[in-house]
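Structure first, commentary second.
Counting from 1, the numbers follow the sequence of the chain as shown.
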Amino acid sequence: MKVVRLCIVLGALQVLLVLASWLVTAVMPETSVRSLLSPEGIRWFFGHFTENMAQPLLVWIVLLYVAFNAYRRAGLQHAMSLLLKGERLMLRQRSALWLVLIVVGAIVAVIVMLIVLPNPLLASVTGSLFPSSFSSAFIPIVAFLVFIGSITYAMATGQFRNFRRPYQSRLSVWLLVYILAMQLYQSLRFVFGY
């Protein structure tokens with residue numbers, strides 16, 4: 001229900017903005033305010049809609065959604081909650097958590113080497129981490145670590161035998177397809193210099 005209320009509030013704010021921009025330009029045409037109800041405003045709204053949506057925040061939401069969905073469906077969320085409550089885990093769960101720790105630790109070690117060794121590849125030209133390739137990729141790195149940890153846990157505990165189970169939601173499947181296809185496309189563009 002909170003999400004529905006938030007959507008209603010955001011929709012109402014959009015309508016108010018449209019009306020307010022129209023009123024301000026009607027009352028004070030000499031101002032630099034542009035009306036969303038003018039021909040230029042309507043063309044901008046419809047013509048730039050996709051451009052306006054295509055922001056890094058959308059990619060971060062998609063990546064975090066995929067990672068959290070894997071985390072929840074793989075059983076890692078349940079194991080972590082038991083661990084935090086101090087309850088005893090089964091041997092298979094403990095072994096799987098150790099394996100997750102080793103795999104995620106190895107990935108983190110590689111990333112740390114890419115940012116702290118001499119001439120770090122993920123640091124900026126000046127050697128700083130903010131802004132740099134590392135800071136730009138921080139959210140995707142976190143999502144990747146959660147995803148890999150979840151898949152590792154699920155495979156080690158036998159939660160699922162293949163990679164389809166964490167993506168029973170069709171949205172998750174298509175989001176994953178989108179991520180992989182776009183990364184491939186952009187990689188091809190980079191490789192061939194486009």
If we ignore hydrogens and angles and just use 3.5 Å, is the side chain of S128 paired with the main-chain N or O of S124 as donor and acceptor? no
Heavy-atom neighbours of R34 CZ exceed 12 at 6.0 Å: no
Where is the tightest heavy-atom contact between S35 and S21, given as atom of each residue plus distance? CA-OG, 3.7 Å
Can you tell me how far apart CG (L63) and CG (L58) are? Round to the nearest 0.5 Å. 9.5 Å
Is T157 reaching over with its side chain to a backbone N or O of Y153, donor-acceptor style, under 3.5 angstrom? yes
Spacing of CE belonging to M28 relative to OG1 belonging to T25, to within rounding of 0.5 Å: 9.5 Å
Quick check: is M90 connected to L101 through a chain of hydrophobic side chains (ILVMFWY, heavy atoms under 4.5 Å apart)? no
Could you grab the distance from atom CG of L97 to atom CZ of R92, nearest 0.5 Å is fine? 13.0 Å
Distance in Å, L121 CG paired with M113 CE, rounded so as to fall on 0.5 Å steps: 11.5 Å
L114 and F134, any side-chain heavy atoms less than 4.5 Å apart: no
I'd like to check R73 versus Q159 (side-chain heavy atoms, cut-off strictly below 4.5 Å). Are they in contact? no
ILVMFWY cluster, V27 and L17 together (side-chain gap under 4.5 Å): no
Taking the side chain as everything from C-beta on, heavy atoms only, tell me whether L129 gets closer than 4.5 Å to L122. no
S150 side chain vs Y71 backbone, donor-acceptor pair below 3.5 Å: yes
Minimum heavy-atom separation for G149 to V100, with atom names? O-CG2, 3.3 Å
Of all the heavy-atom pairs spanning P131 and S135, show the shortest one and how long it is. CA-OG, 3.5 Å
If we only count heavy atoms from C-beta on, is the W44 to L36 side-chain gap below 4.5 Å? yes
Please determine whether residues V110 and L99 belong to a single hydrophobic cluster, defined as Ile, Leu, Val, Met, Phe, Trp and Tyr linked transitively by side-chain heavy-atom distances below 4.5 Å. yes
State yes or no: do F45 and V24 share one hydrophobic cluster built from I, L, V, M, F, W and Y residues joined by side-chain heavy-atom distances below 4.5 Å, directly or via other members? no
hydrophobic_cluster_shared for W60 and F130, side chain cutoff 4.5 Å: yes
Please examine the side chains of Q14 and L10, heavy atoms only from C-beta on, and report whether any two atoms are closer than 4.5 Å. no
